[in-house]
Amino acid sequence: MIDELNSKVIELIKTVNERTLSRMKEPFNVATKTNYNDLVTSVDKENEQYIDDHLRQLDPGCRILSEEGFGTKDISDLRGHLWIVDPIDGTLNFVKQHDHFGIMLALYVDGQPTLGYIMDCTNRRLYHGGPGRGVYVNGQKITAPENLGLRAGLVAISSPLILENVHHLPAVAQAASGLRMYGSAAMEMTGILTGELVGYVSYLRPWDLAAGRVMAEELGLVVKSIDGSKPDVLSSNLVLVATRQVSQDVQKITG
Ligand code: IPD
Ligand code: CA
Ligand code: CA
């Protein structure tokens, strides 16, 4: 049953991506949410409504935690099939760059990470996978990234954490071979999955983390809150996703 669902969700996310790429060529509405750099567009909302409607048909009885309000109201536990949906991740990039944004879906079953999907939209590159299944990029299985340390690789740290010197993260950036900021958790997660990045630190909401977490854990990467605890699926967390070595290196700096 999960295999059949998986195949259908792969088709769903590809369809949503093609809709997104053609909608991007036409004018769309942009509004602010909590502040001037927290944006939502009509495409985010259209995507979410389309995804949520189709998930309800494909997986009757499921519940959906999604960013823009079309999901199930008041989810406070992890029982059953829970889909976690980010209809466009990197909306600021979508608006300003028409590039470097993603669509993310994840299925958790009774709290267990089960399936994860990240679409790198403009490159039409779909990352998907789950525990015991492996992780695939456009159908090609990828191997786990090498267990490199901080000095040997690039890290992504979200800009507010550097600007506000949270948890000594500028020192983490200095200890790495370089710092990158992509402005999209989806893009940063795919960087970790392929080994282009050795670590990623950001304050992430449930839909920013859910899909990448499923695949990162399958590849043996560490996914933890910066204080070392296990990130809560339904809460926002300051999260580190990294190789095992980088996880240790970062801990020495952040304490
Ligand atoms: C945002 C992006 C950004 C991250 C923010 C997220 P959105 O997602 O992933 O990289 O730093 O925390 O909210 O709002 O574009 O879906
Ligand atoms: Ca997001
Ligand atoms: Ca979003």
Side-chain angles (χ1 to χ4, degrees), residues 13 16-17 19-21 23-24 28-52 55 64-71 83-106 116-122 127 154-164 166-167 169 172-173 179-193 196-197 199-216 223 225-226 231-242:
I13 195 166
V16 177
N17 189 35
R19 285 168 56 99
T20 307
L21 295 174
R23 283 291 284 110
M24 194 170 71
F28 51 81
N29 185 273
V30 182
T32 53
K33 294 200 284 186
T34 53
N35 62 54
Y36 73 97
N37 58 13
D38 183 11
L39 303 181
V40 61
T41 74
S42 43
V43 187
D44 294 65
K45 291 182 182 172
E46 286 162 24
N47 278 6
E48 185 168 306
Q49 190 160 22
Y50 187 95
I51 292 168
D52 289 9
L55 287 176
I64 305 172
L65 178 64
S66 55
E67 186 174 11
E68 310 299 348
F70 295 94
W83 287 93
I84 305 180
V85 176
D86 193 334
I88 294 185
D89 177 78
T91 299
L92 205 48
N93 291 352
F94 176 73
V95 172
K96 304 284 183 197
Q97 303 177 326
H98 282 196
D99 204 352
H100 312 124
F101 60 90
I103 299 166
M104 299 199 278
L105 309 181
Y117 309 81
I118 300 178
M119 177 63 83
D120 170 349
C121 294
T122 57
Y127 298 74
L154 300 171
V155 292
I157 302 176
S158 72
S159 48
L161 301 176
I162 294 291
L163 294 171
E164 292 158 27
V166 175
H167 283 290
L169 288 167
V172 171
L179 171 65
R180 297 293 179 268
M181 295 174 183
Y182 301 166
S184 157
M187 297 301 93
E188 277 142 337
M189 285 292 188
T190 62
I192 287 282
L193 299 177
E196 287 171 27
L197 299 171
Y200 171 45
V201 187
S202 187
Y203 186 73
L204 298 177
R205 289 174 295 169
W207 38 82
D208 298 318
L209 178 63
R213 178 182 194 167
V214 175
M215 291 184 275
V223 180
S225 297
I226 204 82
D232 181 63
V233 176
L234 299 178
S235 312
S236 300
N237 300 274
L238 181 55
V239 181
L240 169 71
V241 186

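Counting convention: from 1, in listed order, for ligands and their atoms alike. Computed from a predicted model, the values in this text were never measured in an experiment.
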If only atom types and distance count, is the side chain of Glu48 paired as donor or acceptor with the main-chain N or O of Val85 below 3.5 Å? no

Just by distance, with hydrogens left out, do Thr41 and Asp44 show a side-chain donor and acceptor under 3.5 Å apart? yes

How would you list, by chain and number, every residue that makes a side chain to side chain contact (heavy atoms under 4.5 Å, CB included) with Ala156, sequence neighbours excluded? Glu188, Leu197, Tyr200

Write out each pair where an N or O from ligand 1 and one from the protein are under 3.5 Å apart, with the distance.
from	atom 1	to	atom 2	distance (Å)
ligand 1	8 (O)	Asp89	OD1	3.1
ligand 1	9 (O)	Asp89	OD1	2.7
ligand 1	9 (O)	Asp89	OD2	3.3
ligand 1	9 (O)	Ala185	N	2.9
ligand 1	10 (O)	Gly183	O	3.2
ligand 1	10 (O)	Ser184	N	3.1
ligand 1	10 (O)	Ala185	N	3.4
ligand 1	12 (O)	Tyr203	O	3.4
ligand 1	13 (O)	Arg205	NH2	2.9
ligand 1	14 (O)	Arg205	NH2	3.4
ligand 1	15 (O)	Gly90	N	2.7
ligand 1	15 (O)	Thr91	N	2.8
ligand 1	16 (O)	Glu67	OE1	3.4
ligand 1	16 (O)	Asp86	OD2	3.4
ligand 1	16 (O)	Ile88	O	3.2

Given a cut-off of 3.0 Å, the protein N, O or S atoms lying below it from the Ca ion (ligand 2) are Asp86 OD2, Asp89 OD1, Asp208 OD1

Could you work out, with side chain to side chain contact (heavy atoms under 4.5 Å, CB included) as the rule, every residue matching Asp120, not counting sequence neighbours? Thr122, Asn123, Arg125, Tyr127, Met187

Side-chain (Asn237) to main-chain (Asp232) donor-acceptor, under 3.5 angstrom: yes

Over all atoms of both residues, closest heavy-atom pair of Ser66 and Gly71: OG-N, 3.3 Å

Would you say Asn93's side chain and His100's backbone share a donor-acceptor pair under 3.5 angstrom? yes

Return the orientation label for the Phe28 and His98 ring planes: parallel under 30°, perpendicular over 60°, tilted otherwise. tilted

Is Asp89 reaching over with its side chain to a backbone N or O of Ala186, donor-acceptor style, under 3.5 angstrom? yes

